[in-house]
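Beneath this line is the structure, given in structure tokens, with notes to follow.
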4 protein chains.
Amino acid sequence: MEFNDKQAIYLQIVENIYDRILTDEWKGDERVPSVRDLAVELQVNPNTVMRAYDLLQNKEIIVNKRGVGNFLGSDAKSKIITNRRNHFLTHELPLLFRNMQLLGVSIEELSEQFISYSQNNISIQ
Amino acid sequence: MEFNDKQAIYLQIVENIYDRILTDEWKGDERVPSVRDLAVELQVNPNTVMRAYDLLQNKEIIVNKRGVGNFLGSDAKSKIITNRRNHFLTHELPLLFRNMQLLGVSIEELSEQFISYSQNNISIQ
Amino acid sequence: MEFNDKQAIYLQIVENIYDRILTDEWKGDERVPSVRDLAVELQVNPNTVMRAYDLLQNKEIIVNKRGVGNFLGSDAKSKIITNRRNHFLTHELPLLFRNMQLLGVSIEELSEQFISYSQNNISIQ
Amino acid sequence: MEFNDKQAIYLQIVENIYDRILTDEWKGDERVPSVRDLAVELQVNPNTVMRAYDLLQNKEIIVNKRGVGNFLGSDAKSKIITNRRNHFLTHELPLLFRNMQLLGVSIEELSEQFISYSQNNISIQ
DNA sequence: GTGGTCTAGACCACC
DNA sequence: GTGGTCTAGACCACA
């Protein structure tokens, strides 16, 4: 995984995990990879993964069973969707619209782009 | 001006200046406020404004005339628009679309929102 | 290190770092000294070193790994050489030649000087 | 005249005046332009020209006759040549040679460049 | 008046 | 440990 410099790595990992859950790569109430395994996969310091897991535990997206490992919370996926959707509608959309106006991008232009995007990405991976 | 603490103040100042230029609050090739004046206006240390101006000088958005002050570069506005538009189309849109799909927001829904947004914000300020 | 006061210290540090890279004192894609360490070595304030590193990061001579340190960019040396060589050929040489003519220094005279210089400085350090 | 940002304008004016004297644009012990006239010609603040003239007066390159104007010192040209030549030989040449070695520019290469330069600039203007 | 540089010292997030 | 940010305050050159 490639990391961006503008955001803390552990936050980027959190986002990445959200994506994995939303795309059902991690699903149900299965066990998630151990801190060490994920650290190896992502090529980062285990402390950094730990921090991401910490944050997810606080939000009850994952739950820890001592000595066994971390597991997806039962309603993890729906919780993420609800949160993100709210954030999307109340924070991101106004910003998006303002940008569109400042940059002169019309809603029609955007729709077209969306359609062509959708055709190239029928299923989300 | 209120500052968020997820991003460095000087970067927020830069963004704020971009906005001022895009909305023609600062325009043409006029002189921009002196470091000290802007620092007073924004209630920050002059060094912090200086750092923002430094970055803008690097991007040739503003140019310095020794002992006189800083001036908007001739094509400052178009330069900002071009950069932002490119970034918007190549980076933000794909992310947006992906999010819409993951969160189940349709393009029609978004269009409606946009229309109601536009009606409440007829002119950009 | 002794600093001249006709040029900002941080710029002299940048030049000094270029020299260290060109002479392979810093090489490969190794880690460069931490801001604090170099500040101690050069007897300046860490902020001053920081500013030099900032500039070098902008030019992608060094790259930062969060929480770890700064590293030489992979092609740092060749990048410096290319830039300097271009500047030398297009800017410095014409000035040099003009000066030689104005001051009545012949190319033969210069060659002689160069040869005697070379004999006294067989290896660059 | 175009000014570089790396050096104070008044110093660039001094250099420019040296050039005018060396190329005999200003010669003998004639009167040199008034501060105001030169300021208009160079499009700078008269104070800035004043500062350049001050420096030249200190070096006795020009002399002031109260109420009349500034005149070239009798041996202005030879004084400049001597100074520059010394500086050139003791300071610039070693730097040049070091650069040539670091950048891999040979003396033969430089000679060729010089010859082609000379052919295109038979008389100095 | 203008910007630019430097210091000292603090605090923070990150790995 | 690492870099990054910010402040306060000083001094300077320049126009």
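Numbers restart at 1 for each chain; the letters A, B, ... are given by sequence-line order, proteins then strands. Keep in mind that the numbers below use all heavy atoms, side chains included, and drop hydrogens, waters and symmetry copies.
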For residues 39-55 of chain D, tabulate all N or O donor-acceptor pairs below 3.5 Å that involve a side-chain atom, not counting sequence neighbours.
from	atom 1	to	atom 2	distance (Å)
D:Glu41	OE2	D:Arg20	NH1	3.4
D:Glu41	OE2	D:Arg20	NH2	2.9
D:Asn45	OD1	D:Asn47	N	2.8
D:Thr48	OG1	D:Asn45	O	3.3
D:Tyr53	OH	D:Pro33	O	2.7

Residue met sooner reading DNA chain E from 5', once B:Asn70 and C:Gln43 are mapped to nucleotides: B:Asn70

What pairs of residues pass the side-chain hydrogen bond (donor to acceptor under 3.5 Å, both in side chains) test when at least one of them lies in residues 64-76 of chain C, not counting sequence neighbours? C:Gln57-C:Asn70, C:Asn64-C:Asn70

side-chain hydrogen bond (donor to acceptor under 3.5 Å, both in side chains) contacts in which one or both residues fall within residues 1-13 of chain B, not counting sequence neighbours: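 Output for this query is empty, none listed.
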
Partner residues of B:Asp24 under the side chain to side chain donor-acceptor pair (under 3.5 Å) criterion, sequence neighbours left out: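 Partners of B:Asp24 under the side chain to side chain donor-acceptor pair (under 3.5 Å) test: B:Lys77.
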
Hits for side chain to side chain contact (heavy atoms under 4.5 Å, CB included) against C:Ser34, two or more places apart or cross-chain, chain-then-number order -> C:Arg31, C:Arg36, C:Asp37

Side chain to side chain contact (heavy atoms under 4.5 Å, CB included) partners of B:Ile80, counting only residues at least two apart: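 Checked B:Ile80 against side chain to side chain contact (heavy atoms under 4.5 Å, CB included); matches are B:Tyr18, B:Ile21, B:Leu22, B:Ile61, B:Arg84.
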
Is [Y] close to [X] at the side-chain level, that is, under 4.5 Å between some pair of heavy atoms?
{"X": "C:Lys59", "Y": "C:Asn83", "value": "no"}
{"X": "C:Leu38", "Y": "C:Ile17", "value": "yes"}
{"X": "C:Val63", "Y": "C:Leu72", "value": "no"}

Paired and unpaired positions of DNA chain F as dot-bracket, Watson-Crick or G-U wobble under 3.5 Å, | denoting a partner strand: ||||||||||||||.

Please name all residues satisfying salt bridge (charged side-chain N to carboxylate O under 4.0 Å, His left out) with A:Glu30, sequence neighbours left out, ordered by chain then number.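 Salt bridge (charged side-chain N to carboxylate O under 4.0 Å, His left out) check on A:Glu30 returns nothing, list empty.
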
Please list, in 5' to 3' order, the outermost nucleotides of DNA chain F lying under 4.0 Å from any heavy atom of chain B. F:dT5 to F:dA15

Hey, could you give me each pair passing ring pair (Phe, Tyr, Trp, His ring centres under 6.0 Å) that has a residue in residues 56-92 of chain C? Not counting sequence neighbours. C:His87-C:His91

Quick one, which residues of residues 55-63 of chain C touch DNA chain F with a heavy atom under 4.0 Å?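 Those residues are C:Gln57.
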
A quick test of your reading: do over 12 heavy atoms of other residues, nucleotides or ligands sit less than 6.0 Å from CG of C:Asp29? no

Could you list the protein-to-nucleotides 12-15 of chain E atom pairs, N/O on both sides, closer than 3.5 Å?
from	atom 1	to	atom 2	distance (Å)
E:dC14	OP2	A:Tyr10	OH	3.4
E:dC14	OP2	A:Arg51	NH2	3.1
E:dC15	OP1	A:Ile9	N	3.3

